[in-house]
Amino acid sequence: MAASHMLFCFWVLLLFMNNAAGETRHYKFNVEYHNVTRLCHTRTVLTVNRKFPGPRLVAREGDRVIVKVANHIANNVSIHWHGVRQLTTGWSDGPSYITQCPIQTNQSYIYNFTITGQRGTLWWHAHISWLRVSIYGPIIILPKRNESYPFAKPDKEVTIMLGEWFNSDPEAIISQALQTGAGPNVSDAFTINGYPGPLYNCSSKDTYKLKVKPGKTYLLRLINAALNDELFFSIANHTVTVVEGDAVYTKPFVTDKLLVITPGQTTNVLLKTKPEFPNATFLMAARPYFTGQGTFDNSTTVGILEYEHPSHHNHKSSKNLTIIQPVLPPINATGFVVNFTGKFRSLGNAKYPANVPKTVDKKFFFTVGLGTNPCPKNTTCQGPNNSSKFAASVNNVSFQLPTIAILQAHYFGQNGVYTTDFPTQPLIPFNYTGTAPNNTNVMNGTRAVVLPFNTSVELVMQDTSILGAESHPLHLHGYNFFIVGQGFGNYDPNKDPLKFNLVDPMERNTASVPAGGWVAIRFFADNPGAWFMHCHLDVHTSWGLRMTWIVLDGPGPNQKLQPPPSDLPQC
């Protein structure tokens, strides 16, 4: 009897250990060509597993994820697991020439990482040039087994990915733009789960439909995978409750009109359907929020929220139902955007605390915005004044990608790849949101900031009016950070910190610097490696609005960057 009891206890312990440790999930991503037709244009699109958008990656908190990525296209490629912390596994983060050399044609690489302390919606995408326009998909991190959401369990979960469609090859578009110095051609449509919807020519059949039942609760996992546009999103005549942003639970809040999501961000919302069949069909729509001076895709993608009739008999065909459209704000509704983003608060309870740094070891002040590079001799350019090329920068440094990965150079002590003299504040202060200086030229270089392990960091990012004040969604790899403050105009280091939220600030991996304003973030540098930070409007990234943080190893065994894997791609 005692032996059988001991055996039972052993199996219970084993089961508990397995649950605590998580399981290992294997995926195979084949990057390959696939013909896709949208807007009556058939184009050879770069995809994963011939899917557009790409396949779901599903795991639980605590699981180990192993993804073998095989490159079957002519372009070099790498995959970034956007928002995954990658604790000590920086070799699997994915940005080309930052943590790895890209995977070359007919080569493969195994990404191997554990999802630690995260649950919710993230996403994966290509991280070289503009390949992410079609190489992207969702990451769904479920809570650990026997753990629940901090809200009522929904009846169903649905992923909605917002994206962009180009009738021509996006790689040719950005290549030409970088050559001429002009702004690139804009997309031809926005998409919902890959479909543009009926407001575009030759697109009525390519419309996403979400079929729902009355009286149910749906968890919508919203992801903005658009290449160059922040997006408003709304469902006609329905309210939603925001419960999560960037895989961090929020204090729930209700919004009856719409949401704004920057490229890179995710937002989970609860949609409660109407209690009875409403005799109507409701449109969901997304269109851009834009504050810049250039051209942009001023169009709207639409999907359909379609109620299932309880009887399925003797009811109007959906074609005869009243169609109700959502009301979207003006394109440049900055006030709404800042008000909406200001509603996000971390759940901040005992189980999901907001561990915001209360004191700061190092403070940084970064200007972010556009600028110019002079036109090379004996050439003509199509940038500002037709005499220069568009550029973008952080503290007036336009980041140049190296030819080997920064993490490799850091780990193996290779000199000459990057310098560690990235300016901690603007070298020449000016009225950042006032009249722009006459000289708008940027400096070019591959510069990084080096941080000792576990440094508490405060970073203020300030938009500039150079070539137009514009919103910039900044994404930091390898980290979540706390948004402790934001405002308009020039940041005041004496007055503005007095208003910082150090109690329950929102924790994110991507945050917008408001047009003509600033945002302040804090984080602990507790993850060793080389971590990219860049604008998630890819045109600005291509122009150089990007930089790298290098975080040194800590003293403990779990505070050191793991050795590189044997199949790490070579440049």
Side-chain angles (χ1 to χ4, degrees), residues 53 56 82-83 118-123 138-143 148-163 190 192-193 208-226 230-275 282-287 289 301-307 324 326-329 336-337 339-347 352 473 483 506-512:
R56 296 192 318 161
H82 184 115
Q118 294 182 279
R119 76 295 301 161
T121 306
L122 296 171
W123 63 301
I139 299 175
I140 295 166
I141 308 170
L142 301 171
S148 58
Y149 298 125
F151 45 83
K153 185 179 179 182
D155 296 295
K156 190 176 181 181
E157 301 183 11
V158 179
T159 301
I160 295 179
M161 298 202 78
L162 308 175
F190 296 105
I192 299 175
N193 286 346
Y208 172 70
K209 284 187 179 180
L210 173 55
K211 295 187 177 182
V212 297
K213 295 179 179 179
K216 301 291 184 183
T217 299
Y218 294 80
L219 177 67
L220 305 184
R221 299 176 179 269
L222 302 168
I223 302 167
N224 185 354
E230 301 181 74
L231 294 170
F232 294 118
F233 177 82
S234 182
I235 302 175
N237 206 12
H238 285 73
T239 61
V240 295
T241 302
V242 177
V243 293
E244 181 203 302
D246 289 359
V248 175
Y249 293 134
T250 67
K251 288 183 170 67
F253 68 91
V254 175
T255 175
D256 62 347
K257 290 186 174 63
L258 73 156
L259 312 117
V260 62
I261 313 175
T262 74
Q265 285 185 340
T266 69
T267 306
N268 280 11
V269 301
L270 295 174
L271 169 70
K272 288 190 176 181
T273 56
K274 299 185 180 300
F282 304 91
L283 298 187
M284 59 182 93
R287 84 167 181 206
Y289 159 61
T301 179
V302 163
I304 296 174
L305 184 76
E306 188 173 278
Y307 275 77
I324 300 178
V327 177
L328 294 170
F336 169 84
V337 170
N339 182 53
F340 176 76
T341 56
K343 292 180 180 178
F344 282 80
R345 293 283 187 271
S346 290
L347 201 51
Y352 304 107
I483 304 171
M506 187 56 195
E507 186 181 349
R508 303 204 80 127
N509 63 61
T510 305
S512 273

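Keep in mind that this is a model prediction, so the values were computed, not measured. The first residue of the sequence shown is numbered 1, and numbering continues consecutively from there. Just so it is clear, the values below take in all heavy atoms, side chains as well, and ignore hydrogens, waters and symmetry mates.
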If I compare all heavy atoms of [X] with all of [Y], which pair ends up nearest, and what's the gap?
{"X": "V212", "Y": "Y218", "value": "CA-OH, 3.3 Å"}
{"X": "G264", "Y": "W123", "value": "O-NE1, 3.1 Å"}
{"X": "N509", "Y": "G83", "value": "ND2-CA, 3.5 Å"}
{"X": "R508", "Y": "G245", "value": "NH2-CA, 3.7 Å"}
{"X": "V302", "Y": "A285", "value": "CG2-CB, 4.0 Å"}
{"X": "P326", "Y": "A236", "value": "N-CB, 3.4 Å"}

Is there a side-chain contact between [X] and [Y] in this structure, where contact means two heavy atoms from C-beta onward sitting under 4.5 Å apart?
{"X": "L219", "Y": "V243", "answer": "yes"}
{"X": "L231", "Y": "I261", "answer": "no"}
{"X": "T262", "Y": "T341", "answer": "no"}
{"X": "L305", "Y": "L283", "answer": "no"}
{"X": "L220", "Y": "I235", "answer": "yes"}

Donor-acceptor pair, side chain of [X] and main chain of [Y], under 3.5 angstrom:
{"X": "E230", "Y": "S512", "answer": "no"}
{"X": "Y307", "Y": "F282", "answer": "no"}
{"X": "T266", "Y": "D246", "answer": "yes"}
{"X": "Q118", "Y": "A247", "answer": "no"}
{"X": "R287", "Y": "P329", "answer": "yes"}
{"X": "T301", "Y": "A286", "answer": "no"}
{"X": "D155", "Y": "T217", "answer": "yes"}

Got a second to check how far [X]'s [atom1] is from [Y]'s [atom2], nearest 0.5 Å?
{"X": "T255", "Y": "H238", "atom1": "OG1", "atom2": "NE2", "answer": "14.0 Å"}
{"X": "I192", "Y": "L210", "atom1": "CD1", "atom2": "CG", "answer": "10.0 Å"}
{"X": "Y352", "Y": "L347", "atom1": "OH", "atom2": "CG", "answer": "8.0 Å"}
{"X": "I223", "Y": "T267", "atom1": "CD1", "atom2": "OG1", "answer": "10.0 Å"}
{"X": "M284", "Y": "K209", "atom1": "CE", "atom2": "NZ", "answer": "11.5 Å"}
{"X": "L328", "Y": "F232", "atom1": "CG", "atom2": "CZ", "answer": "8.0 Å"}

For atom [atom1] of [X], decide whether the heavy atoms of other residues, nucleotides or ligands shown that lie under 6.0 angstrom number more than 12.
{"X": "K274", "atom1": "NZ", "value": "yes"}
{"X": "R345", "atom1": "CZ", "value": "yes"}
{"X": "K213", "atom1": "NZ", "value": "no"}

For this session: Go through L162 and L222 one step at a time and tell me if the side-chain contact (heavy atoms from CB on, under 4.5 Å) criterion holds.
Result: CA-CA 8 Å; L162 308 175; L222 302 168; 5.9 Å; no
Exercise. Which class fits the ring pair F344 and F340: parallel under 30°, tilted 30 to 60°, perpendicular over 60°?
Worked result: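 Taking F340 first and then F344, their aromatic rings stand perpendicular (interplane angle over 60°).
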Problem set entry | Trace of the side-chain contact (heavy atoms from CB on, under 4.5 Å) decision for T510 with H82 | CA-CA 10 Å; T510 305; H82 184 115; 3.2 Å; yes
For this session: Test side-chain contact (heavy atoms from CB on, under 4.5 Å) on Y149 and R119 and set out the steps.
Result: CA-CA 9 Å; Y149 298 125; R119 76 295 301 161; over 6 Å; no
For this session: Give the intermediate values and the outcome of side-chain contact (heavy atoms from CB on, under 4.5 Å) for residues Q265 and N224.
Result: CA-CA 6 Å; Q265 285 185 340; N224 185 354; 5.7 Å; no
